[in-house]
Each structure stands twice: as structure tokens, then as C-alpha cells.
Amino acid sequence: MKIFTAAQIRELDNYTIEHEPIKSIDLMERAAKALTRAITQRWPVTVPVVTFAGPGNNGGDALAVSRLLTEQGYQVKTFLFNINGHISADCAENKRRLNDNKKAKGLFTEVTQEFDPPQLGKGILVIDGLFGSGLNKPLNGGFASLVKYINASHAEVVSIDIPSGLMTEDNTYNIRANIIRANMTLTLGQKKLSMLFAENQPFVGKLQVLDIGLSSEGIEKTDAHYTMTEEKDVRQLMMPRSPFVHKGNMGNALIIAGSYGMAGAATMATEACLRSGAGKVTCHTPRKNVAIIQAAVPEAVLQIDHEETIFSETVDTEDFQAVGIGPGLGTSEQTAVAVIAQLRRTQCPIVCDADAINVLSSHRAWMQQLPKDIIMTPHPKEFDRLEGHSADSFERLSKARDMSQRISAYIILKGHHSALCCPDGHIVFNTTGNAGMATAGSGDVLTGILTGLLARGYSRRDACIVGMYLHGLAGDIAAHELGEESLIARDIIRCLPKAFLTMNVKH
């Protein structure tokens, strides 16, 4: 699924109008019907409604929804804000249609100067149609005051397309107090980029995407820099397993993980790697971890570091098809030197995670020595240590995209919608996973999955897309069985086979 910028959304609307063909007012009516249907499915006719419509096409949508709700028996008070004496043509047409509706008589107010706000108490539904995806600067003045008034009320709020005040992509310099805090957002066509960022969730509330019949040809032709994975996309990437294979055909993976006291990280990464289809997995770990890992993952081969408690020496990787390095390694200077030496000498695909990333954060000059197309999987704090503090998720994502292009790396920014930044500048958001996966060891499991898929023969890009999806899907299956609150990382590993089965691949 493509994610479009505000400019591309306007172009897609125009393409639909031109090529369907359909009049813009009729496309707006189509959208209004979809919005009305979603509202009536959630709120009964007994709920009083107050609509706030802005002067643009978002306001036109809101006016049309007010009329359609009124026709279905809802009691709707509507306020159209025409402060500058100019409203869009489609907004003006929907104002006329609402005024012509006899059931709306006395319930419509056009605000041109002073505004006496209505009472907004508990049990009232507010429809926010002030500003849509075209907004490009923070709200101020009277509109900012209105937003704060709505947010301070106990009314439920449903926003049309995007909460008023929230910009479609970059909100780094936005004024957060001047953004509608919706209980629900009914967005049109596709999700907007800003809706995927954690700090914007309090504004978006529950999100529902409505299909308004935008041109499929226009969507296909529009080149998007951002996409979201869908199940059908991942299915197409999944590699089949021949009935005549043996373990030598299925890849030999190496996991370098675990300092003394962190054997669990090595154990989880190693088991997840095995569960992801690799024919053979070797775990390189300090001597004091051996008994734990041998007992926990007897299927793995152990390669023992000379040091008792840390990773201290490079490993010959000639016989391996993929290497995962970092979980639980620690960041001692001896380990740091071993990490960069390992990264420099490894010829096969590498997944760099956790303490391996932290080592690079402490030795920034080493970044120039990383092998081309390395996969890095930082969580937000790890990435900020690498590239400096970011004010918000958009700025962090922009830095990650720049970094992936600069050093030719695949960077997975982990989060609710983990984002894969590719060396060609494209960004892929994952769509599986849940809040229960916010638990220690979850990232170690992802490292194991990615390493296993690489060893299995997936390209770096495909391994990242499939690995993120399966990791989240296994977490979703675990949450369905156990609930989010008690979910732990080993539950993700336990449910990984079910995730593969869901994708119809036999392992």
C-alpha cells in the first residue's frame, strides 16, 4: 500500500476527477457517504452532533456529512467558518445544499466574525472538518482557540481525513496544543505518513481508512517514496522449500551474541534463527554462557570465545551465509575492537543489532568502515545515539533515510510501525505487531529471524520485509493467545511456526 504526500493526494484527486471522469462535487459526495456510513455504524441517531467546517474542501466534506446525517434523523448543529469571506467552490455548493435541507433549518451558522461556541458536553459528538491534508503551517488565532476549546470538552471527536492542525508529513515544528485530539479519525483513501508516528497517536485516536474510489490507475502511476507492507506482498516474497533439500542447502548462519549474564539474548537470537528456516546455526559466545545455551537450544552448534565473559576475537565467516551480531554483547573496549574487526572482515550479509550498534555510537569514525548493504536494526534511542537527538519521529526517519543512502545500509527503525530505510531512498513500513512486543528480548528475536532468512537465501531487502512482517505476525498470534500484557519474547519465538503456517509456507 502506497503512502502519498499532501501534494500527491491532491494530484490523485485531480487524476480521478479527470479520468473517471467525475465532477469534484460528486467525488466529495462519494466521500461524504463513506464518512456518514462509518459514523452511523458507530454512533446512534440519538447522539447530538456538532459539526465544525472550515473554508476548504475538508469543510465541504463536513457540510455534506451534516446534511446526510440530518436526512437520516440526526440532530446536527453545523458551524461553517468563513472568516476571510472566501470558501472553496465545493464547500460553497455543500453550504447551499445544507441550507436547502428543511430539516437543517435553524441549525446552520456561518461564522464570519465573532463566534459564540456551543456547549460541548459529555454525550455530544463533534465532527471535525476544519482543515484537511493540505494544511502546511500550525494553526493560530481563532482556529487555535477553537481547537483548544474542543480538546478541553468532554465531547467525543471524529476527524475527517486528518485531525485539524496535524500536518500530513512533517510536524517537527508544529504547535501540538493546537491540534485536535480525536477519538477517531476517518481518513480517505490511504493512511497519511504522520499517522504512523507514535507521538501523533493521541491526536489520531482510532484510525479507520475509507475507500472512496480514487483512481486505481492513478494510484498505480503515482510513485510513492513510502509504502506499507500487505500480506499479499509478503506472500509473493516467501521462498518455497523443495522436498529434496537437506540442511546443507538451507543455509549456515552465525550468531555472535551474549556476554556473561546476557546468555538469554544469545539464546533467543539463536533459536529464532533456527525457527526461521536456516539449515544450521552456530552461536559464538563466551565460555561462561555455554551450559545455558547448550541446554536451551540443543539444535545449535556452539563456538566458544577464548574469553570467559565477553566477545573478544573475530570469527572466520567463510563457511557462513549470514551473520547476526550484537545481542547482549556488551560494549567493553576489547569487545568494541572485536566488533569492528568482525564487521570489516565479514563477506556475507550481516545483521548488526543492539550492542554492536552501541559500539558504533561510541566510535563514530568506524561508521565509514561498515560493509556495503549491512542491515542495522536500532530502536529509537539506539539510533539517536548514532545520529544525534531527533525532535520527533519524522526527523528521526529522515535522518535514517539519509544515513541508509550515505553508507548504503538497510536500516530498520524499530517501533509500532517499524520502518525499513533502503539505500535507494525508499521506506517500507511494517503493518504487523502490537504493544505486547514492547518487552526485553523482542529485538534479539528479530535479529535471529533476519539472520535466518538471509542464510536461507533471501535478498537483504526481502529478508527485512519478510522478517519484520513475520516477527510482528508471530507477536500478534502470541497476543491473541495470551494477551498483550503478559507477552514475552520467547512467546514470539514459540508462535513463529504459526506465523509461517499462516503465510502458507511449510517449514
Side-chain angles (χ1 to χ4, degrees), residues 1 228-243 245 247 249-251 253 255 264-281 283 293 295-300 322 324 327 351 353 377 412 414-418 420 428-458 462-507:
M1 179 189 295
M228 298 188 73
T229 52
E230 297 180 271
E231 184 176 307
K232 62 180 178 64
D233 303 322
V234 179
R235 284 184 188 277
Q236 292 174 357
L237 299 178
M238 300 291 288
M239 295 178 65
R241 178 179 285 248
S242 167
V245 296
K247 68 180 181 183
N249 302 134
M250 301 307 292
I255 299 292
T267 298
M268 288 183 284
T270 301
E271 185 175 357
C273 189
L274 281 161
R275 287 289 188 187
S276 298
K280 182 181 176 183
V281 179
C283 178
I293 299 173
V297 196
E299 298 88 350
V351 181
D353 181 36
T377 60
I412 297 176
K414 293 184 287 196
H416 179 67
H417 289 292
S418 291
L420 168 64
V428 182
F429 288 94
N430 189 44
T431 53
T432 56
N434 60 83
M437 297 173 71
T439 183
S442 182
D444 304 327
V445 174
L446 177 62
T447 296
I449 293 172
L450 295 172
T451 308
L453 294 175
L454 289 168
R456 176 83 167 75
Y458 285 83
D462 290 356
C464 290
I465 293 172
V466 173
M468 289 192 301
Y469 193 90
L470 288 171
H471 180 249
L473 180 58
D476 288 339
I477 294 169
H480 177 73
E481 294 179 358
L482 304 168
E484 293 182 357
E485 206 64 39
S486 297
L487 194 151
I488 60 175
R490 282 180 293 142
D491 297 323
I492 302 172
I493 299 173
R494 182 177 55 79
C495 292
L496 198 51
K498 295 180 182 178
F500 275 99
L501 283 172
T502 300
M503 303 305 290
N504 293 324
V505 174
K506 293 181 180 179
H507 277 257

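Please read these numbers as outputs of a predicted model, since none were measured by experiment. Numbering starts at 1 and runs along the sequence shown.
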A.B. asks: Can you give me the closest heavy-atom contact between A455 and A253, atom names plus distance?
C.D. replies: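 Looks like CB-CB, 3.8 Å.
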A.B. asks: Do the non-hydrogen side-chain atoms of Y469 and E231 ever get within less than 4.5 Å of each other?
C.D. replies: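 Yes, close enough: below the 4.5 Å cut-off.
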A.B. asks: Identify the heavy atoms of I493 and M268 that sit nearest to each other, and give their distance.
C.D. replies: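 Distance-wise, the nearest heavy atoms are CD1-O, 3.5 Å.
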A.B. asks: Could you tell me whether the side chain of E271 and the main chain of V297 form a donor-acceptor pair under 3.5 Å?
C.D. replies: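 No; zero donor-acceptor contacts below 3.5 Å.
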A.B. asks: What closest approach, in Å, do A479 and E484 show between heavy atoms, and which atom pair accounts for it?
C.D. replies: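 The pair with the smallest heavy-atom distance is CB-CG, 4.0 Å.
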A.B. asks: Return the minimal non-hydrogen interatomic distance between G448 and I255, and the atom names on each side.
C.D. replies: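 Smallest interatomic distance, heavy atoms only, reads CA-CD1, 4.5 Å.
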A.B. asks: Any heavy-atom pair between the side chains of I412 and L450 that's under 4.5 Å?
C.D. replies: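 Yes, at least one pair of side-chain atoms sits under 4.5 Å.
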A.B. asks: Working to the nearest 0.5 Å, report the span between CE of M1 and CD of E230.
C.D. replies: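 Interatomic distance, M1 CE to E230 CD, rounded to 0.5 Å: 4.5 Å.
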A.B. asks: From I477 CD1 over to L482 CG, what is the distance, rounded to the nearest 0.5 angstrom?
C.D. replies: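 I477 atom CD1 to L482 atom CG measures 11.5 Å (nearest 0.5 Å).
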A.B. asks: Do the non-hydrogen side-chain atoms of E481 and K498 ever get within less than 4.5 Å of each other?
C.D. replies: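 Heavy-atom side-chain distance check passes, below 4.5 Å.
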A.B. asks: Does the T439 side chain pair with the main chain of I488, one donor and one acceptor, at a distance under 3.5 Å?
C.D. replies: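 The answer is no, because no donor-acceptor pair under 3.5 Å joins these two groups.
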A.B. asks: Do L470 and M238 have side chains that approach each other closer than 4.5 Å (heavy atoms only, starting at C-beta)?
C.D. replies: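 Answer yes - side chains close enough.
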A.B. asks: On a heavy-atom basis, which atom in A266 and which in I293 lie closest, and how many Å separate them?
C.D. replies: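 The pair with the smallest heavy-atom distance is CB-CD1, 3.7 Å.
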A.B. asks: Can you tell me how far apart OG1 (T270) and CD (E299) are? Round to the nearest 0.5 Å.
C.D. replies: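 Here the interatomic distance stands at 11.0 Å.
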A.B. asks: For the pair H471 (side chain) and S442 (backbone), establish whether a donor and an acceptor sit closer than 3.5 Å, ignoring hydrogens and angles.
C.D. replies: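 Checking the backbone N and O of S442 against the side chain of H471, a donor-acceptor pair under 3.5 Å is found.
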A.B. asks: Any non-hydrogen side-chain atom of L487 less than 4.5 Å from a side-chain atom of N434?
C.D. replies: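 Of all side-chain heavy-atom pairs linking N434 with L487, at least one is under 4.5 Å.
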A.B. asks: Just checking R490: does its CZ atom have more than 12 heavy atoms from other residues, nucleotides or ligands closer to it than 6.0 angstrom?
C.D. replies: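 Open: at most 12 neighbouring heavy atoms sit under 6.0 Å from CZ of R490.
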A.B. asks: Take I449 and V466, measure what side chain to side chain contact (heavy atoms under 4.5 Å, CB included) needs, and give me the verdict at the end.
C.D. replies: CA-CA 9 Å; I449 293 172; V466 173; over 6 Å; no
A.B. asks: Rounded to the nearest 0.5 Å, how far does NZ of K414 lie from CE of M437?
C.D. replies: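 If we round to the nearest 0.5 Å, M437:CE and K414:NZ are 10.5 Å apart.
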A.B. asks: Distance-only, no hydrogens or angles: does the N430 side chain make a donor-acceptor pair with backbone N or O of H417 under 3.5 Å?
C.D. replies: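 Such a contact is absent between N430 side chain and H417 backbone.
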A.B. asks: Measure the spacing between CG of L237 and CD1 of I465 and express it to the nearest 0.5 Å.
C.D. replies: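 If we round to the nearest 0.5 Å, L237:CG and I465:CD1 are 6.0 Å apart.
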A.B. asks: Which heavy-atom pair separates C273 from V281 by the least distance, and what is that distance?
C.D. replies: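 The pair with the smallest heavy-atom distance is SG-CG2, 3.6 Å.
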A.B. asks: With rounding to the nearest 0.5 angstrom, report the CE to CG distance, M228 to D233.
C.D. replies: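 Those atoms lie 11.5 Å apart.
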A.B. asks: Say whether, by atom type as modelled, one donor and one acceptor occur between the side chain of T431 and the main chain of T229 under 3.5 angstrom.
C.D. replies: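 Yes; at least one donor-acceptor contact below 3.5 Å.
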A.B. asks: Please check if the side chain of Y458 supplies one atom and the backbone of M239 the other of a donor-acceptor pair under 3.5 Å.
C.D. replies: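 Checked: pair present.
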